[in-house]
Amino acid sequence: AVNDMGILRCADNYLRVTGDFAWLDKSVGGKQVMDQLLDHALYWKQLDKFGHGLADYGKLDDLLDVVSTWLHEVLAMNAGNVYGMRFVAALLERRGDSARAAQLRSEATELAARINRLLYADGKGWWEAGQPDGTFNEVRHCYDLLTVLDTMFEDLSRKQKQEIGEF
């Protein structure tokens, strides 16, 4: 997959379609699939290079995109991290690890709130990308919009939803 969210979405769809939850106990590369999925859900923390509480996904060459302002702490990839933690939390809950599941859900909610606070262009209906120096690039990227609606819709306020719809 192209990134952690891609891997986790593939796993989510595989489990949804097949119901093969025993797959989570299989070993791949010397590590259980469940442990690998947890690693992917939390990898974003290693990318918080500037202490902003968001993953920095780098420059255009890293993001494989052509939108010149879509750099570093981009919405779609960070929203994908909210999804990833919630997906893995659901798997942990299913396996009886409710404490770890609750921790991941809490971290996902905190990340969603941070994304909304730092990256949403209040009153405009679009998002910004955080930069290493603490500034923000205005971005009106359809991938951001579609990903946030797919991964953290419940974390958007009524006002945000209205502004996004108007935009």
Side-chain angles (χ1 to χ4, degrees), residues 1-14 28-29 31 33 35-91 103-167:
V2 69
N3 55 48
D4 294 303
M5 180 177 61
I7 290 170
L8 293 167
R9 289 184 66 118
C10 286
D12 191 357
N13 284 319
Y14 173 78
V28 176
K31 197 172 193 178
V33 170
D35 293 332
Q36 292 198 32
L37 295 178
L38 180 60
D39 289 348
H40 284 290
L42 297 175
Y43 182 70
W44 71 269
K45 293 179 180 188
Q46 295 178 46
L47 300 176
D48 181 10
K49 300 172 189 168
F50 306 104
H52 301 159
L54 299 169
D56 181 325
Y57 286 94
K59 299 176 185 172
L60 282 179
D61 291 344
D62 302 318
L63 289 165
L64 302 174
D65 208 282
V66 295
V67 178
S68 63
T69 57
W70 204 65
L71 308 166
H72 299 290
E73 296 169 344
V74 295
L75 168 66
M77 305 304 292
N78 278 284
N81 297 326
V82 172
Y83 155 80
M85 288 189 288
R86 288 179 174 157
F87 165 61
V88 172
L91 294 177
Q103 178 185 352
L104 277 180
R105 285 187 183 107
S106 176
E107 289 182 39
T109 299
E110 290 169 10
L111 178 56
R114 199 163 38 255
I115 288 168
N116 281 327
R117 185 178 71 254
L118 296 175
L119 299 183
Y120 183 69
D122 191 40
K124 297 183 180 178
W126 62 77
W127 304 85
E128 298 175 321
Q131 302 303 295
D133 64 1
T135 63
F136 296 89
N137 287 343
E138 189 173 276
V139 181
R140 299 177 194 192
H141 200 305
C142 63
Y143 185 65
D144 278 345
L145 172 65
L146 296 172
T147 303
V148 79
L149 294 178
D150 195 32
T151 59
M152 51 178 271
F153 181 77
E154 66 272 16
D155 300 292
L156 301 177
S157 70
R158 174 177 278 143
K159 179 179 178 275
Q160 283 176 300
K161 292 173 187 174
Q162 181 178 346
E163 291 170 356
I164 290 167
E166 289 171 4
F167 169 67

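The figures here come from the full heavy-atom set of this structure, side chains too, leaving out hydrogens, waters and symmetry mates. Since we're looking at a predicted model, the values are computed, not measured.
- Here I7 contributes atom CD1 and M5 contributes atom CE; the two are 11.5 Å apart, rounded to the nearest 0.5 Å.
- Contact detail for N81 and A55: the closest heavy-atom pair is ND2-CB, 4.0 Å.
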Does the side-chain contact (heavy atoms from CB on, under 4.5 Å) test come out yes or no for V74 and H141, once each step is laid out?
CA-CA 10 Å; V74 295; H141 200 305; over 6 Å; no
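- Every residue two or more places apart in sequence or in another chain that forms a side chain to side chain contact (heavy atoms under 4.5 Å, CB included) with A76 is listed here: W70, Y143, D144, T147.
- In terms of modelled atom types and a separation under 3.5 Å, the side chain of Q36 and the main chain of V28 share a donor-acceptor contact.
- Taking each heavy atom of A41 and G84 in turn, the nearest pair found is CB-O, 3.6 Å.
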Starting from the C-alpha separation in whole Å, work towards a yes-or-no answer on side-chain contact (heavy atoms from CB on, under 4.5 Å) for L104 and L38.
CA-CA 10 Å; L104 277 180; L38 180 60; 3.8 Å; yes
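- Under the rule for a side-chain hydrogen bond (donor to acceptor under 3.5 Å, both in side chains), N78 has no partner lying at least two apart in sequence or in another chain.
- Taking both residues in full, the closest heavy atoms of L156 and V148 are given as CD2-CG2, 4.2 Å, listed atom of the first, atom of the second, then distance.
- For Y43, there are no side-chain hydrogen bond (donor to acceptor under 3.5 Å, both in side chains) partners, not counting sequence neighbours.
- By the ring pair (Phe, Tyr, Trp, His ring centres under 6.0 Å) test, F136 pairs with no residue at all, sequence neighbours left out.
- The structure places CG of L149 at 11.0 Å from CD of E154, a figure rounded to the nearest 0.5 Å.
- Of the residues D12, D4, T151, the one that meets the side-chain hydrogen bond (donor to acceptor under 3.5 Å, both in side chains) test with Y83 is D12.
- Smallest separation of non-hydrogen atoms from Y120 and W126: CD1-O, 3.5 Å.
- Remark: R140 engages E138 in a side-chain hydrogen bond (donor to acceptor under 3.5 Å, both in side chains) (not counting sequence neighbours).
- In this structure D56 satisfies the side chain to side chain contact (heavy atoms under 4.5 Å, CB included) test together with K49, F50, H72, E73, P132, sequence neighbours excluded.
- By the ring pair (Phe, Tyr, Trp, His ring centres under 6.0 Å) test, F153 is found to be paired with no residue, residues two or more places apart in sequence or in another chain being considered.
- Between D155 and R86, at least one side-chain N (NZ, or NE/NH1/NH2) sits under 4.0 Å from a carboxylate O, which counts as a salt bridge.
- By the side chain to side chain contact (heavy atoms under 4.5 Å, CB included) test, D39 pairs with K31, sequence neighbours left out.
- Scanning for side-chain hydrogen bond (donor to acceptor under 3.5 Å, both in side chains) contacts around Q46 gives an empty result, with sequence neighbours left out.
- Partners of W44 under the ring pair (Phe, Tyr, Trp, His ring centres under 6.0 Å) rule, at least two apart in sequence or in another chain, do not exist in this structure.
- The salt bridge (charged side-chain N to carboxylate O under 4.0 Å, His left out) test applied to D122 returns K159, not counting sequence neighbours.
- Here the shortest heavy-atom pairing between L37 and A11 reads CD2-CB, 3.8 Å.
- A distance of 6.5 Å separates CE of M85 from NZ of K45, quoted to the nearest 0.5 Å.
- For T69, the side chain to side chain contact (heavy atoms under 4.5 Å, CB included) partners are V67, N137, V139, not counting sequence neighbours.
- Between H52 and L118, the shortest heavy-atom contact is O-CD1, 3.6 Å.
- Atom CD of E107 and atom CG of L111 lie 9.0 Å apart (nearest 0.5 Å).
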